[in-house]
Colleague: 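Shown below is the structure under consideration.
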Amino acid sequence: MTEKNTGRVKGAKKEFIGLVKSDKMDKTIVVSVQTTTMHPLYKKYVTRIKKLKAHDEKNEAKIGDRVKVMECRPISKEKCWKLVTILEKAK
């Protein structure tokens, strides 16, 4: 069953791919996610960057890694994402 006008399956968790910008916190990484959306008035594509705090249980991810994060229950005030996999290690 899909939600109205979105194409998402109801109850499915959101997943994003982004770059790790910070790994200084214990068991937490900051992931920068880039999305492109069309501007409603000017009909041009606009790039939006969102920074998400994600839970990294084993402190595996390092700055510059491409990672996949998934929505989860709130772990702290700002952290409601968790690390799924590291897609590409930084060079």
Colleague: Establish, from distance only, whether the side-chain atoms of Asp26 and Asn59 form a donor-acceptor pair under 3.5 Å.
Modeller: yes

Colleague: Roughly how far, to the nearest 0.5 Å, is the CG atom of Asp65 from the CG atom of Asp23?
Modeller: 8.5 Å

Colleague: NZ of Lys53 to NZ of Lys51: how many Å apart, nearest 0.5 Å?
Modeller: 7.5 Å

Colleague: Could you give the distance from OG1 (Thr28) to CD (Glu78), rounded to the nearest 0.5 Å?
Modeller: 10.5 Å

Colleague: Given side chain to side chain contact (heavy atoms under 4.5 Å, CB included), test Lys27 with Asp56 step by step and report yes or no.
Modeller: CA-CA 5 Å; Lys27 296 187 179 182; Asp56 180 10; 5.7 Å; no

Colleague: Looking at Glu71 and Lys13, is there a salt bridge between them, counting it only when a charged N and a carboxylate O are closer than 4.0 Å?
Modeller: no

Colleague: List, by chain and then residue number, the residues other than Val67 in its hydrophobic cluster (Ile/Leu/Val/Met/Phe/Trp/Tyr, side-chain heavy atoms under 4.5 Å); write none if there are no others.
Modeller: Phe16, Val20, Ile29, Val31, Val33, Leu52, Val69, Trp81, Leu83, Ile86

Colleague: Is the number of heavy atoms from other residues, nucleotides or ligands under 6.0 Å of Lys89 NZ greater than 12?
Modeller: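 Yes, the 6.0 Å shell around NZ holds more than 12 heavy atoms from other groups.
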
Colleague: Could you go through residues 37-50 and list every donor-acceptor pair under 3.5 Å that involves a side-chain atom there, pairing it with any protein atom two or more places apart or in another chain?
Modeller:
{"from": "His39", "atom 1": "ND1", "to": "Leu41", "atom 2": "N", "distance (Å)": "3.1"}
{"from": "His39", "atom 1": "ND1", "to": "Tyr42", "atom 2": "N", "distance (Å)": "3.2"}
{"from": "Lys43", "atom 1": "NZ", "to": "Pro40", "atom 2": "O", "distance (Å)": "2.9"}

Colleague: The test is side chain to side chain contact (heavy atoms under 4.5 Å, CB included); show your working for Glu57 and His55 and say whether it passes.
Modeller: CA-CA 6 Å; Glu57 184 63 40; His55 186 67; 2.8 Å; yes

Colleague: If you measure from SG on Cys80 to CE on Met70, what distance do you get to the nearest 0.5 Å?
Modeller: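 Those atoms lie 12.0 Å apart.
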
Colleague: Is it the case that more than 12 heavy atoms not belonging to Lys79 sit under 6.0 Å from its NZ atom?
Modeller: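 Yes, enclosed.
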
